[in-house]
A.B. asks: 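First the structure, which I've put down as C-alpha cells, then a few questions once you've had a look.
For this chain, numbers begin at 1 and follow the sequence in order. Every heavy atom of this structure was used, including side-chain atoms; hydrogens, water molecules and symmetry mates were not. These numbers come from a predicted model, not from an experiment.
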Amino acid sequence: VQLQASGGGLVQSGGSLRLSCVASGAIYTINAMRWYRQAPGKQREMVASVTSGGNPDYADFVKGRFTISRDIVRNMLYLQMNALKPEDTAVYYCNAENVYDYGMGSEADYWGQGTQVTVSS
C-alpha cells in the first residue's frame with residue numbers, strides 16, 4: 001500500500017490550493033483519512049479528518065477555510081484550501097488509518113510523502 005500526495009505549490013495570501021492523495025495497492029478497506037501538516041521547527045499537527053462514512057472534522061485554525069473530502073471508490077482524499085494565510089505554510093501529509101491490505105492479510109496505518117504548500121504575504 002502506498003499513499004501519494006500532490007497539489008502543493010506557491011500561492012499568495014488569500015489564494016486557494018487543492019491537495020490530492022491517492023492510496024494504491026491491495027486495499028480492501030480504509031477507516032479514517034487525515035491531512036496533517038508540519039511547518040519548519042514545529043511538530044506535525046492534524047489539519048482535518050474524514051471518516052469512512054464521510055464525516056469531517058477540522059482543526060480550529062482551518063475551520064471555515066478548508067474542506068476535506070474523499071472518494072471511497074477511488075481511494076482518494078482531497079483538501080480544498082481557501083483563504084490561505086502565510087501561517088498555513090508547511091509540508092502537508094496524508095494519512096490513512098486501519099488500511100486492510102488483502103494481499104498481506106493485515107491492517108496498518110500509512111503516510112504519504114508530503115507536499116509543500118508555501119503561502120506568500
A.B. asks: Mind listing the closest non-hydrogen atom pair of Ile30 and Ala23 along with its distance?
C.D. replies: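 Ile30 and Ala23 have their closest heavy atoms at CD1-CB, 4.1 Å.
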
A.B. asks: Which pairs with one or both residues in residues 19-35 pass salt bridge (Lys or Arg N to Asp or Glu O under 4.0 Å), sequence neighbours excluded?
C.D. replies: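 For residues 19-35, and leaving out neighbouring residues, the salt bridge (Lys or Arg N to Asp or Glu O under 4.0 Å) pairs sorted by first residue read Arg34-Glu97.
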
A.B. asks: Which other residues end up in the same hydrophobic cluster as Tyr78, if Ile, Leu, Val, Met, Phe, Trp and Tyr are linked when side-chain heavy atoms come under 4.5 Å apart?
C.D. replies: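 Val22, Met76, all in the cluster of Tyr78.
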
A.B. asks: Which pairs, with at least one residue in residues 11-39 and sequence neighbours excluded, count as a ring-ring contact (aromatic ring centres under 6.0 Å, His included)?
C.D. replies: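 Sorted result for residues 11-39: Tyr36-Trp111.
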
A.B. asks: Anything under 3.5 Å between a donor and an acceptor, one on a side chain of residues 59-68, the other on a protein residue two or more places apart or in another chain? List them.
C.D. replies:
residue: Asp60; atom: OD1; partner: Lys63; partner atom: NZ; Å: 3.2
residue: Arg65; atom: NH1; partner: Ala83; partner atom: O; Å: 2.9
residue: Arg65; atom: NH1; partner: Asp88; partner atom: OD2; Å: 2.7
residue: Arg65; atom: NH2; partner: Phe61; partner atom: O; Å: 2.8
residue: Arg65; atom: NH2; partner: Asp88; partner atom: OD1; Å: 3.0
residue: Arg65; atom: NH2; partner: Asp88; partner atom: OD2; Å: 3.4

A.B. asks: Once salt bridge (Lys or Arg N to Asp or Glu O under 4.0 Å) is applied, do any residues pair with Asp71, and if so which ones, sequence neighbours excluded?
C.D. replies: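 Applying salt bridge (Lys or Arg N to Asp or Glu O under 4.0 Å) to Asp71 gives Arg74.
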
A.B. asks: Measuring from atom CD1 of Ile72 to atom CE of Met33, what distance do you get when rounded to the nearest 0.5 angstrom?
C.D. replies: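 Nearest 0.5 Å value for the CD1-CE distance: 8.5 Å.
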
A.B. asks: Only pairs under 3.5 Å count here: list side-chain donor-acceptor contacts from residues 41-53, not counting sequence neighbours, and write none if there are none.
C.D. replies:
residue: Glu45; atom: OE2; partner: Arg37; partner atom: NE; Å: 2.9
residue: Glu45; atom: OE2; partner: Arg37; partner atom: NH2; Å: 3.4
residue: Thr51; atom: OG1; partner: Gly53; partner atom: N; Å: 3.2
residue: Thr51; atom: OG1; partner: Gly54; partner atom: N; Å: 3.3
residue: Thr51; atom: OG1; partner: Asn55; partner atom: N; Å: 3.0

A.B. asks: Salt bridge (Lys or Arg N to Asp or Glu O under 4.0 Å) with Glu87: which residues, sequence neighbours excluded?
C.D. replies: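 Result, salt bridge (Lys or Arg N to Asp or Glu O under 4.0 Å) vs Glu87: none returned.
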
A.B. asks: Side-chain donor-acceptor contacts of residues 102-110 below 3.5 Å, not counting sequence neighbours, with atom names and distances?
C.D. replies:
residue: Asp109; atom: OD1; partner: Asn98; partner atom: N; Å: 2.7

A.B. asks: Let me confirm one number: the CG-CG distance from Asn95 to Leu77, rounded to the nearest 0.5 Å.
C.D. replies: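 Taking CG in Asn95 and CG in Leu77, the distance rounds to 9.0 Å.
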
A.B. asks: So does Ala5 get a backbone contact from the side chain of Gln113, meaning a donor-acceptor N/O pair under 3.5 Å?
C.D. replies: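 Yes, because the side chain of Gln113 sits within donor-acceptor range (under 3.5 Å) of the backbone of Ala5.
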
A.B. asks: Please, which pairs that meet disulfide (SG to SG under 2.5 Å) have at least one residue in residues 42-104, sequence neighbours excluded?
C.D. replies: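 As it turns out, the disulfide (SG to SG under 2.5 Å) pairs with a partner in residues 42-104, which skip direct neighbours, are Cys21-Cys94.
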
A.B. asks: If the condition is side-chain contact (heavy atoms from CB on, under 4.5 Å), which residues does Leu10 pass it with, not counting sequence neighbours?
C.D. replies: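 With neighbours one apart ignored, the set is Thr118, Ser120.
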
A.B. asks: Name all residues meeting the side-chain contact (heavy atoms from CB on, under 4.5 Å) criterion together with Val117; count only those two or more places apart in sequence or in a different chain, and write none if there are none.
C.D. replies: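 With sequence neighbours excluded, Val117 shows a side-chain contact (heavy atoms from CB on, under 4.5 Å) to Leu17, Leu19, Met81, Tyr92, Val119, given in chain and number order.
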
A.B. asks: Answer with yes or no whether the hydrophobic clustering places Leu3 together with Val99; edges join I, L, V, M, F, W, Y residues whose side-chain heavy atoms lie under 4.5 Å apart.
C.D. replies: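 Same hydrophobic cluster.
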
A.B. asks: Return each pair, listed once, that meets side chain to side chain donor-acceptor pair (under 3.5 Å) where at least one residue sits in residues 6-20; pairs must be two or more places apart or across chains.
C.D. replies: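 Side chain to side chain donor-acceptor pair (under 3.5 Å) check on residues 6-20 returns Ser16-Asn82.
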
